[in-house]
Structures are given as C-alpha cells and as structure tokens.
Amino acid sequence: MRLWSAPDHVRLVFDMSGPVNANVFTLDGPDRVVIDLDSTDLDFDVDKLDLDDSAISKVRTGVRESGGLRVVLDVNRAVVPKSFTLPPNEQYSARLVVDLDYPGASAVKDPIDPIEAMIRDQEIAAQRAQKEAVAEGNPEQAEVVASAVEAQPHPKRDIIIAVDPGHGGEDPGAIGPHGTREKDVVLDIARKVKQRFDQTPGFKAFLTRDGDYYIGLRQRTLIARQQKADFFVSVHADAVRSSQPSGSSVYALSQGGATSETARWLAASENQSDLIGGVDGNLSLDDKDEVLRGVLLDLTMTATMNDSLATGGQVIDQLGRINKLHKSSVEQAGFVVLKSPDIPSLLVETGFISNPREEAQLKSSAHQAKLAQAIYDGIVAHFRQHPPPSSLLAWQRDQGRGGASNEYRVQRGDSLSQVAASHNISMKALKQANGLDSDILRVGQVLTIP
C-alpha cells in the first residue's frame with residue numbers, strides 16, 4: 001500500500017498481484033471509509049504508511065467473515081471516496097486506487113484573495129465580451145457598453161503566476177543514472193520560482209502541487225484557471241536513452257496542438273467545465289452556435305499562443321545566460337499541460353536528467369536557484385513590457401508617464417467614450433492604440449492618444 005497526501009485529497013494505492021473486485025463505502029459514528037477486497041490477503045505492514053497531512057487518522061485491517069480482506073480508514077474530516085483499478089505496466093503490478101476527496105477544499109495551499117479574484121473575473125468577462133463582438137462580426141458592439149462606465153479606482157492587483165512542478169506521487173517522471181527522480185528536482189526548482197515571485201511586489205505565485213502527489217495533466221490547467229492565473233509555467237527535466245544530450249529547452253503549444261484542442265473542446269460533452277476564461281459553468285460556450293464557438297476559440301488561442309511565444313523568447317534568453325541550450329529558440333509541441341486556451345503557457349525542460357553531469361547540476365541547490373531565477377526573469381521581463389491594465393506594474397509604469405502631448409491621465413468620473421470624444425477620436429481607435437480589451441478605465445491610468 002502507498003499513500004500520497006494533497007491539499008484537497010488523499011490517494012491510497014493498493015499494489016495487487018492480480019485483478020481485484022473491490023467495494024468501497026462510508027460509515028458514520030465515527031466517520032470511516034471501508035474497502036472490501038474479494039479473495040485478497042494482506043502482505044504489508046499498515047503501520048509503515050505515513051498518514052501525516054492526510055484525512056486518515058488510522059488504518060485498520062481484518063479478515064471478512066465471507067473471506068477476503070477488509071481495510072478500514074478512520075477519517076478526521078468529511079471525505080468523498082472514489083475508486084478505480086489500473087492494469088499492470090512496466091513499473092507497477094495491477095492496482096486499486098482509492099481517492100478520498102475533501103469537499104470544498106482548495107487544491108492549492110494559498111488560494112487567490114477573493115477581491116483579486118473578483119477583479120480578474122471582471123477582466124476576463126470584459127475580454128470575452130470583446131472577443132464575442134469580434135467573432136460575431138460586430139466589433140463596435142463592445143464600444144456601446146463603454147459609454148456609461150466611469151473610471152474605477154486603480155486596484156494595483158498582483159499578476160498571478162501558476163508554477164507547475166511536473167509529475168509527482170506514483171509518477172516519478174524521468175530517473176537519472178544515479179537515481180535522481182525528476183519529480184523531486186522540479187518541485188525544488190518550482191518552489192524557488194514561487195519564492196522569487198512572492199518576493200517581488202506586483203506578483204503572486206502558487207504551485208499546482210506543493211508536495212509529493214500526482215495531479216492529472218488537465219487538472220493542472222484547471223487549477224490555474226480556478227486561481228485566475230495570468231501565466232502558467234510547467235517545470236520538467238528531460239530524458240532520453242543516450243547520456244549525451246544536454247541543455248535547457250522551452251516549449252509553447254504548437255498550432256497543430258491548438259487545432260486539435262479546439263476540435264476536442266468543440267466536440268466535448270463537458271462544455272460546462274471546459275470554459276473560455278471562467279470556471280463553474282458561468283462562462284460556458286453552450287449558448288453559442290458551433291461556428292461562433294470555433295471562431296471564439298481560434299481568437300482566444302491565437303492571442304494566447306502569441307503571448308506564450310513572446311514570453312518563451314524572454315525565458316530562453318535568460319536560460320542561455322546560465323546554462324547550455326539544447327534548442328536555441330522556443331519549440332512548439334502538443335503537450336496537454338499547455339492546452340489552456342485562455343492562459344499563456346510554457347513548458348521548461350531545465351536540463352537532461354539522463355546526462356550524468358546535468359543530473360548532478362539539477363540536484364545542486366545553487367544551480368536550481370539559477371534556473372529558477374532565469375525562469376522568473378524571463379516572465380517578469382514580458383510583464384514589465386506588457387502589464388495587465390489593472391496590475392500594480394501598469395500603475396507603476398504610468399507614474400512616469402502622462403506629460404507628453406499625446407498622453408492623457410484618466411481622472412475620476414472619466415469614461416472611455418468621454419475621453420475619446422474630448423480628443424475627437426473614436427473609441428475603437430483609442431482602444432486599439434492602448435491595446436485595451438476592456439471597457440473599464442482606471443483612475444491614474446495613462447492613455448496614448450493616437
């Protein structure tokens with residue numbers, strides 16, 4: 001038996017010598033989960049299981065009256081059990097997997113502040129309205145709303161970065177010639193990346209996993225969306241059969257990967273959870289016809305891929321200063337973890353763990369810190385050039401602007417239509433000149449007047 005604890009669930013894996021029939025159910029007074037296994041004997045000391053940070057306070061076992069094994073999990077919080085079986089593979093025998101989900105628990109240890117989440121929801125809704133107007137062939141429609149929207153106080157919000165350590169739990173990832181596991185190395189690097197962002201005013205980072213447990217590939221991007229991430233970076237360590245290749249690589253989503261993902265989304269029956277710029281079904285595409293959904297997805301993915309490639313160029317430039325590059329430019333591939341249509345995403349292969357020299361480097365805390373700094377520097381460089389309008393970085397940039405003849409600093413009571421009218425230009429021209437996809441102006445924001 002093996003156990004992996006996560007913030008929102010605990011996974012218990014039974015390694016079996018063959019296929020098994022299992023019945024999993026709950027009992028209360030006291031709360032416990034019962035797992036009955038037909039025609040099964042126990043060949044494991046349950047006291048070896050590390051129950052720390054899990055909902056399981058004790059594991060008890062016994063032989064059922066009808067034969068077979070009964071495992072009882074005493075739990076200290078509400079849980080919802082799910083179970084499934086897995087066939088043997090190169091690494092493991094047949095398995096029974098029992099997940100205990102914690103209702104209402106966050107998948108991350110430090111979730112986004114509710115006020116910042118509300119600001120991001122407003123931004124996301126405005127961006128989607130803009131894309132819908134363009135997709136429907138009526139870009140002027142988005143401008144009608146702007147006429148009544150007065151400038152809001154500047155929120156100076158943090159830019160939110162999702163840092164995704166690859167693999168985890170029962171998936172160790174690649175293993176180096178001296179036994180170094182990818183899942184351990186990339187978690188160390190990811191923690192250092194998060195620390196650098198958290199030390200920088202205007203940024204906040206979170207880890208998709210902050211421990212040794214597994215998260216599904218699509219669940220990683222769902223977590224990023226739930227936390228309203230502005231950017232997603234997945235950290236990995238490469239491996240091949242040969243011990244010769246070395247160096248870092250950076251990947252963004254390929255056009256082919258984007259095309260296949262668009263097709264998957266359009267064909268999916270779960271559009272209530274597969275969303276453009278939202279979660280919990282409030283921004284699903286179910287109310288759009290198929291052609292419009294296709295155009296919306298294409299617009300969104302094109303913008304996302306452009307941002308990903310631009311940021312990837314900054315990251316690979318920084319990595320090249322501290323490490324050999326395996327590829328000198330941003331590669332593109334169809335990695336599932338990059339396929340969030342609305343969040344710019346990169347996958348960074350920090351080095352080849354299959355190369356003995358790089359394996360030793362990847363284990364070095366000093367080298368990990370250099371890799372983390374390079375990833376951080378590349379992403380920060382992009383956002384300093386292109387800060388979201390409601391972010392602290394945008395506010396800081398505007399403090400040094402506003403004095404030129406073609407600039408206007410937004411005052412309290414201004415609206416986009418008033419500013420456009422007072423300068424004898426259209427709202428469309430004003431929005432295009434400033435890269436605005438939202439109708440909301442911020443007090444103190446500086447606009448370029450075309």
Side-chain angles (χ1 to χ4, degrees), residues 127 131 159-167 173 182 186 189-190 193 197 203 205 208 217-225 227 229-239 245 247-265 274 276-277 296-352 371-372 374-388 435:
Q127 290 165 0
K131 287 188 175 71
I159 295 169
I160 301 161
I161 309 296
V163 186
D164 173 53
H167 308 282
E182 180 182 2
V186 299
I189 296 170
V193 174
F197 277 112
F203 287 91
T208 57
L217 296 177
R218 294 197 182 276
Q219 181 68 14
R220 295 166 189 260
T221 55
L222 179 59
I223 290 170
R225 187 173 293 111
Q227 297 301 311
D230 292 278
F231 199 87
F232 177 96
V233 57
S234 192
V235 184
H236 290 255
D238 228 333
S248 302
S249 306
V250 177
Y251 290 88
L253 184 62
S254 66
Q255 186 62 54
T259 301
S260 65
E261 189 67 0
T262 298
R264 192 193 76 86
W265 276 42
D274 278 349
I276 294 233
L296 271 171
L297 280 165
D298 185 56
L299 284 169
T300 303
M301 282 198 133
T302 298
T304 300
M305 286 173 60
N306 288 341
D307 275 350
S308 301
L309 289 167
T311 312
Q314 300 273 17
V315 171
I316 206 162
D317 177 63
Q318 295 295 328
L319 284 169
R321 300 181 185 187
I322 57 103
N323 201 37
K324 174 188 173 184
L325 294 177
H326 183 64
K327 299 285 186 179
S328 59
S329 59
V330 181
E331 297 287 291
Q332 290 183 264
F335 291 115
V336 172
V337 80
L338 298 178
K339 289 185 174 183
S340 179
D342 47 351
I343 305 174
S345 306
L346 291 176
L347 186 147
V348 178
E349 295 282 8
T350 52
F352 279 81
L371 290 168
I375 295 169
Y376 159 87
D377 284 340
I379 295 173
V380 168
H382 172 76
F383 279 108
R384 290 205 186 282
Q385 290 177 4
H386 308 284

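Count residues from 1 along the sequence.
- The line from CD1 of I379 to CG of L346 is 6.5 Å long, rounded to the nearest 0.5 Å.
- Ring-plane geometry between F197 and F203 is classed as tilted, the angle between the planes lying from 30 to 60 degrees on a 0 to 90 degree scale.
- In this structure the side chain of K339 reaches within 4.5 angstrom of the side chain of L253, judged on heavy atoms.
- A162 is linked by a side-chain contact (heavy atoms from CB on, under 4.5 Å) to F206, A224, A229, F232, counting only residues two or more places apart in sequence or in another chain.
- Scored by the salt bridge (Lys or Arg N to Asp or Glu O under 4.0 Å) test, R321 finds D317 as partners (sequence neighbours excluded).
- Heavy-atom minimum distance, Q227 versus I160: O-CG2, 3.8 Å.
- Contacts of K324 classified as side-chain contact (heavy atoms from CB on, under 4.5 Å), with partners at least two apart in sequence or in another chain: S246.
- Within the 4.5 Å cutoff, the side chain of T350 has no heavy atoms near those of the N323 side chain.
- Evaluation of the side-chain hydrogen bond (donor to acceptor under 3.5 Å, both in side chains) rule for D377 yields Q373 as partners, not counting sequence neighbours.
- You'll find the side chain of L309 reaches within 4.5 Å of the side chain of Q332, heavy atoms only.
- Evaluation of the side-chain hydrogen bond (donor to acceptor under 3.5 Å, both in side chains) rule for D238 yields no partner, not counting sequence neighbours.
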Dump the intermediate steps for side chain to side chain contact (heavy atoms under 4.5 Å, CB included) on H382 and V315, then the final yes or no.
CA-CA 9 Å; H382 172 76; V315 171; over 6 Å; no
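- Between I322 and Q318, every side-chain heavy-atom pair lies at or beyond the 4.5 Å cut-off.
- Atoms CG and OG, on L338 and S254 in that order, are 9.0 Å from each other to the nearest 0.5 Å.
- Within the structure, the ring pair (Phe, Tyr, Trp, His ring centres under 6.0 Å) test picks out the following pairs touching residues 315-340 (sequence neighbours left out): Y251-F335, H326-F352.
- Partners of Y376 by side-chain hydrogen bond (donor to acceptor under 3.5 Å, both in side chains), not counting sequence neighbours, listed by chain and number: T200.
- The line from CZ of R218 to OG1 of T221 is 7.0 Å long, rounded to the nearest 0.5 Å.
- Every residue two or more places apart in sequence or in another chain that forms a side-chain contact (heavy atoms from CB on, under 4.5 Å) with A381 is listed here: Q314.
- Counting heavy atoms from C-beta outward, T208 and P165 have side chains that approach closer than 4.5 Å.
- A side-chain donor from one of D342 and S340 sits under 3.5 Å from a side-chain acceptor of the other.
- Two residues are said to be in side-chain contact when any heavy atoms from C-beta on lie closer than 4.5 Å; S328 and I316 fail this criterion.
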Would you sort out whether L325 and L319 count as a side chain to side chain contact (heavy atoms under 4.5 Å, CB included), showing the intermediate values?
CA-CA 7 Å; L325 294 177; L319 284 169; 4.0 Å; yes
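- Using a 4.5 Å heavy-atom threshold, the side chains of L347 and V337 count as touching.
- Sorted by first and then second residue, the salt bridge (charged side-chain N to carboxylate O under 4.0 Å, His left out) pairs involving residues 325-338 (not counting sequence neighbours) form an empty list.
- In this structure, a donor-acceptor pair under 3.5 Å is absent between the side chains of S234 and R220.
- Within the model, atoms CG of L222 and CG of L217 stand 12.5 Å from one another, a figure rounded to the nearest 0.5 Å.
- For D230, the side-chain hydrogen bond (donor to acceptor under 3.5 Å, both in side chains) partners two or more places apart in sequence, or in a different chain, are R157.
- With a 4.5 Å cut-off on side-chain heavy atoms, D164 and V235 do not count as touching.
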Given the rule in the side-chain hydrogen bond (donor to acceptor under 3.5 Å, both in side chains) test, do H236 and E349 qualify, once you have shown the distances and angles that lead to the verdict?
CA-CA 5 Å; H236 290 255; E349 295 282 8; 5.0 Å; no
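- Judged by distance alone, with hydrogens and angles left aside, the side-chain atoms of S308 form no donor-acceptor pair with the main-chain N or O of A252 at under 3.5 Å.
- Contact detail for P341 and R225: the closest heavy-atom pair is CD-NH2, 3.7 Å.
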